[in-house]
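The figures here come from the full heavy-atom set of this structure, side chains too, leaving out hydrogens, waters and symmetry mates. Numbers restart at 1 for each chain; the letters A, B, ... are given by sequence-line order, proteins then strands.
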There are 2 protein chains.
Amino acid sequence: MLPENETEIKELTAVLKALAEPNRMRIFAELMQGDSCNCELQERLGLARNLLSHHFRILENAGLVHSRRDQVDGRWIYYSVDRAAATRWHDWFNHFLDPAHIQERTVCGPEGQLISTEQVFLSLPS
Amino acid sequence: MLPENETEIKELTAVLKALAEPNRMRIFAELMQGDSCNCELQERLGLARNLLSHHFRILENAGLVHSRRDQVDGRWIYYSVDRAAATRWHDWFNHFLDPAHIQERTVCGPEGQLISTEQVFLSLPS
DNA sequence: TTTATGCTTCAATTGCAATTGAATTATCAG
DNA sequence: CTGATAATTCAATTGCAATTGAAGCATAAA
């Protein structure tokens, strides 16, 4: 369910932190609609260029997006959603948050003891 | 796809922020395995009681978990995963991160223009 | 009513993250 | 080479969040 080693937990946390910021969530949602450059998102979201660069880097470090230069005019840089990452985390969340995986168990406190006792009573021949 | 109004975005962000912290992620994962009290998680995760209370509150404010008192000894408090919330966010992530929703579109920069030109060439009778 | 227990709240520290303006890099056009 | 453009990096500010120890609260037992 939850990754065991620290490395994977950090990776997971980085992804969650990346999406846990309103502006980055908006940026990512925009990129899901198609590749985009800094200047385009600047207009759509009304954020400063350097601030966008900052958020891009965090999304990129989290592995959620990647970038490439325009093949005609190298001054333009396009950001895209990383399909493999989207697939991976889509599947992970689908598993992790699955309500069917919520388990029942006897609580550790006094109430749990009572229930155990009740079960003994219930299991007695009537 | 992405919630429109600020209120919903804040709600979404609160949920993501709540899970974006390693300790809270561990706590939530533990609660998915069954209801638990402060003292039990203290042993399992090795966190201070007050720190656990702090994280509980954040998870609770995000609507991800809820709490109840032990019916035998009211000093004990149990925390549980909120089934409705789990279901809701499970479905939301399932939709939002669906790789099939990643769209293609012509980029806004020079490369996009070139591709348009190429498309003109490709559409010419040979 | 006093004492103990499970948990929470408070106060203070620490570190990190979002934002902004200025300076810098990379690329292209003349 | 010079100037212009798209974007990034740097420096500084601001605010918030995780953590810790001490104090407080609610409940139960003696």
Kindly point out which of [options] is positioned nearest to the side chain of [X]?
X: N50(A); options: dC7(C), dA18(D), dG21(C); value: dG21(C)
X: W76(B); options: dA18(D), dG6(C), dA7(D); value: dG6(C)
X: H55(B); options: dA18(D), dT8(C), dT27(D); value: dA18(D)
X: C37(A); options: dA7(D), dC7(C), dA26(C); value: dA7(D)
X: L51(A); options: dT8(D), dT19(D), dT19(C); value: dT19(C)
X: C39(B); options: dA18(C), dA18(D), dC7(C); value: dC7(C)

Using atom [atom1] of [X] as one end and atom [atom2] of [N] as the other, report the distance to the nearest whole Å.
X: N23(A); N: dG15(D); atom1: CG; atom2: P; result: 18 Å
X: R69(A); N: dT5(D); atom1: CZ; atom2: P; result: 17 Å
X: L16(A); N: dA17(C); atom1: CG; atom2: P; result: 15 Å
X: I27(B); N: dC7(C); atom1: CD1; atom2: C1'; result: 14 Å
X: R49(A); N: dT19(C); atom1: CZ; atom2: P; result: 16 Å
X: Q42(A); N: dT19(C); atom1: CD; atom2: P; result: 14 Å
X: Q71(A); N: dC28(C); atom1: CD; atom2: P; result: 12 Å
X: L47(A); N: dG21(C); atom1: CG; atom2: P; result: 13 Å

Practice task
On the 0 to 90° scale, with breaks at 30° and 60°, tag the Y79(B)-F56(B) ring pair as parallel, tilted or perpendicular.
Solution key: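 Judged by the thresholds at 30° and 60°, the geometry between Y79(B) and F56(B) is parallel.
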Answer yes or no: is there an ion pair linking [X] with [Y], defined by an N-O contact shorter than 4.0 Å?
X: R44(A); Y: E40(A); answer: yes
X: R88(B); Y: E11(B); answer: yes
X: E104(B); Y: R83(A); answer: yes
X: R68(B); Y: E111(A); answer: yes

Practice task
Confirm from the modelled atom types if D70(B) and dG6(C) form a donor-acceptor pair under 3.5 Å, side chain to base only.
Solution key: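 Between dG6(C) and D70(B), which were checked side chain against base, a qualifying N/O pair under 3.5 Å is absent.
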Problem - Distance-only donor-acceptor test, D73(B) side-chain atoms vs dG6(C) base atoms, 3.5 Å - result: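 In this structure, the two groups form no donor-acceptor pair.
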So what does [X] touch, heavy atoms closer than 4.0 Å: a base, only the sugar-phosphate, or nothing?
X: L52(B); answer: nothing
X: I58(B); answer: sugar-phosphate
X: Y78(B); answer: nothing
X: N38(A); answer: sugar-phosphate

Problem - Under-4.0 Å side-chain N/O to phosphate OP1/OP2 contact, R57(B) with dT9(C) - result: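 Yes, R57(B) has a side-chain N/O under 4.0 Å of OP1/OP2 on dT9(C).
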Exercise for the section: Using only side-chain N and O atoms of Y79(B), determine if any of them is under 4.0 Å from OP1 or OP2 of dT8(C). Expected result: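 It does, given that an N or O in the side chain of Y79(B) lies less than 4.0 Å from OP1 or OP2 of dT8(C).
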Problem - Upstream residue (5' side of DNA chain C) when R75(A) and R75(B) are each assigned their closest nucleotide - result: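 Comparing both residues, the 5'-ward one is R75(B).
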Exercise for the section: Starting from the 5' end of DNA chain C, give me the residue, K17(A) or H54(B), whose nearest nucleotide shows up first. Expected result: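 The answer here is H54(B).
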Handout entry: Contact summary for W76(A) and C108(B), nearest pair of heavy atoms
Key =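 In this case the closest contact between W76(A) and C108(B) is CZ3-SG, 4.0 Å.
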